[in-house]
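See below for the structure under consideration.
Numbers restart at 1 for each chain; the letters A, B, ... are given by sequence-line order, proteins then strands. Owing to the predicted nature of the structure, the values given are computational and were not obtained by experimental measurement.
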Protein chains: 2
Amino acid sequence: MSDVPAKTQDRLYQDLARNLLEELASGRYPVGARLPAERELAISYAVSRPTVREAIIALEVQGLVEVKVGSGAYVRRLPGKGDLPGFNITAFELTEARLLFEGEAAALAATQATDEELAQIEGLVDAIARENLQADGAERSDREFHLTIARATRNTAIFDAIEHLWDLRSTSPEAALLHEKARTANIKPVVDEHRAVLTALRARDPNAARAAMRAHLAQVIDSLLFATEERAIEDARRTARAKRARYTQATS
Amino acid sequence: MSDVPAKTQDRLYQDLARNLLEELASGRYPVGARLPAERELAISYAVSRPTVREAIIALEVQGLVEVKVGSGAYVRRLPGKGDLPGFNITAFELTEARLLFEGEAAALAATQATDEELAQIEGLVDAIARENLQADGAERSDREFHLTIARATRNTAIFDAIEHLWDLRSTSPEAALLHEKARTANIKPVVDEHRAVLTALRARDPNAARAAMRAHLAQVIDSLLFATEERAIEDARRTARAKRARYTQATS
DNA sequence: CAAGCTAATTGGTAAGACCAAAAAGGATTC
DNA sequence: GAATCCTTTTTGGTCTTACCAATTAGCTTG
């Protein structure tokens, strides 16, 4: 029935955390309110207190609640979209966001990057070229290339936000798959695009850097589109096979 | 001695999580590696197994490790800057990042926002005006204003990243304080700036929206600068008072 | 050598106990 | 009568022990 692989399962604390998350989202516990005591939650949800503690810690790590010793757990902020389970960002949204944000980051980096960082980036461009020859994947250099530019902005918030976007990719299996597919299907131009960004950074030209970065990520979006169509064909084939199977079964 | 209020203290699991985080950052456990068993960690860190579990869950929620039942905890990714404790983003970095990112978001929103969203944003501008009259703080409407625009981009990744930036503010006590100070010192122009953004969105003019949003956040940066200077003066006064107190004590 | 089974390992959860911090309530004092 | 202090209760923090379930390693067996 379900499309998800079900993964590890178990993890009772996650169920509880999900439930509490929904209660927060429902507005039952507004900001500043105190959650029921651990012992009460344990009883009402029919779990042990350690499990309750684990769930509350999960919320605490996400900054949703604050635990005060001897007092209770208080709501710090209400859950946003990113906190809701089953929340998936598409590869297109992700790349569009990167196009805008990393474009600006490149522009800023063009005015801030040190010679050392530029040399580092050049090394990464070479590494990307090498990685593309061997098809074993691992776009680690690609990630480092983009993060190094983000770091070169000298703005930790910008770096953190862009790193956050890269991390989001791995939270969505579909997005990760699509990216991998797009990468293997589109090898040659990538190095040139990366080198164009580097050239613009070297020239200390913010507008050129922004344009080069945007062009690169626009190309990535195109690759994603291509990969999507490929997959659409596969899906159609699979559907046809399933259809035929049902027919065969029904008539046998 | 220390400037921080020490907060809640306790939380043994946080110490452990911090230690494990450092071990991850040190490269001792590369991606894919398995962490020692819970029972082993409990012994080597001289804590109980529930505490170890809590620490591992803290890492798990942050996406750093993946726990497989009956097998162990495996490293999913290495910690980035945002994961490191004691990591503080300055209010300036944060606002600069917002200037760039939210500027682009506003430009995109100008082409995507629905009439309903525009009406919602107008209501928030009015709410901001009302909140400014009563000095009790709570810039909730301000946050909603910016997040609603981010949502109007129809891009979940953009929304999530911008929400992430807002959340970062609360992780840094200094940044939060500075913002509050800047807000109380600078009341009048804010509403006009917000309304200018709304006008540009209404006109479906991306460039005007970007410019208005950037102008607004540039103004915020100015306010922060002003608040910083104010605080510098206060610090100087406090230092002088302390100096005099020591002198008085020594000569009495 | 391969397949299958058994036992050890490892995470998941429960239950009970005790400590320390905080809050609540009552007694004392001014 | 009000404020203050102290005792009691509540609440989170941690440990210990125990048992279950999934996984893995190792051995047995064909």
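Taking the side chain of B/Pro50 as heavy atoms from C-beta on, and the options C/dT10, D/dC15, C/dA21, the nearest nucleotide is D/dC15. Here the side chain of A/Arg11 is nearest to one of C/dA14, D/dG13, C/dG12, namely C/dG12. The side chain of A/Ala37 approaches D/dG12 more closely than any other nucleotide in the set D/dG12, D/dT16, C/dG12. For B/Val69, the listed nucleotide lying nearest its side chain is C/dG12; candidates were C/dG12, C/dT13, D/dG13. Comparing D/dT11, D/dC15, C/dG12 by their closest approach to the side chain of B/Val67 singles out C/dG12.
Taking only distance into account, the side chain of A/Arg49 meets the base of D/dG13 through a donor-acceptor pair shorter than 3.5 Å. Residue A/Arg39 places a side-chain atom within donor-acceptor reach of the base of D/dG12, judged by atom type and a 3.5 Å distance cut-off alone.
Atom C1' of nucleotide C/dA14 and atom CG of A/Leu16 are separated by 14 Å, given to the nearest angstrom. Nucleotide D/dG13 holds its C1' atom 12 Å from the CD atom of B/Gln14, rounded to whole Å. Summarising the geometry, the separation between CG on A/Leu12 and C1' on D/dC20 is reported as 13 Å, rounded to the nearest angstrom. Separating the CD atom of B/Glu54 from the P atom of D/dT14 is a distance of 6 Å, rounded to the nearest angstrom. Rounding to whole angstrom units, CZ of residue B/Arg53 and C1' of C/dA14 are separated by 11 Å. Note: CD1 (B/Ile57) to P (D/dG13) measures 14 Å, nearest angstrom. In this structure, the CD1 atom of A/Ile43 is 12 Å from the P atom of C/dG16, given to the nearest Å. Rounded to a whole Å, the CG atom of B/Leu41 is 15 Å from the C1' atom of C/dT9.
To the nearest 0.5 angstrom, B/Arg18 atom CZ is 9.0 Å from B/Leu21 atom CG.
The residue A/Glu60 sits apart from the nucleic acid: no heavy atom pair falls under 4.0 Å.
Here A/Arg76 does not pair with B/Asp167 in a salt bridge; the nearest charged N to carboxylate O distance is not below 4.0 Å. Using a cutoff of 4.0 Å between basic side-chain nitrogens and carboxylate oxygens, A/Glu60 and B/Arg11 are scored as salt-bridged. A salt bridge does not link B/Glu93 with B/Arg98: every distance from a Lys NZ or Arg NE/NH1/NH2 to an Asp or Glu carboxylate oxygen is 4.0 Å or more.
Looking only at atom types and distance, the side chain of B/Tyr74 has a donor-acceptor partner in the side chain of B/Ser71 under 3.5 Å away.
Both B/Glu38 and A/Thr51 lie near DNA chain C, and the one whose nearest nucleotide falls closer to the 5' end is B/Glu38.
OP1 or OP2 of C/dT10 has not a single side-chain nitrogen or oxygen of B/Ser71 nearer than 4.0 Å.
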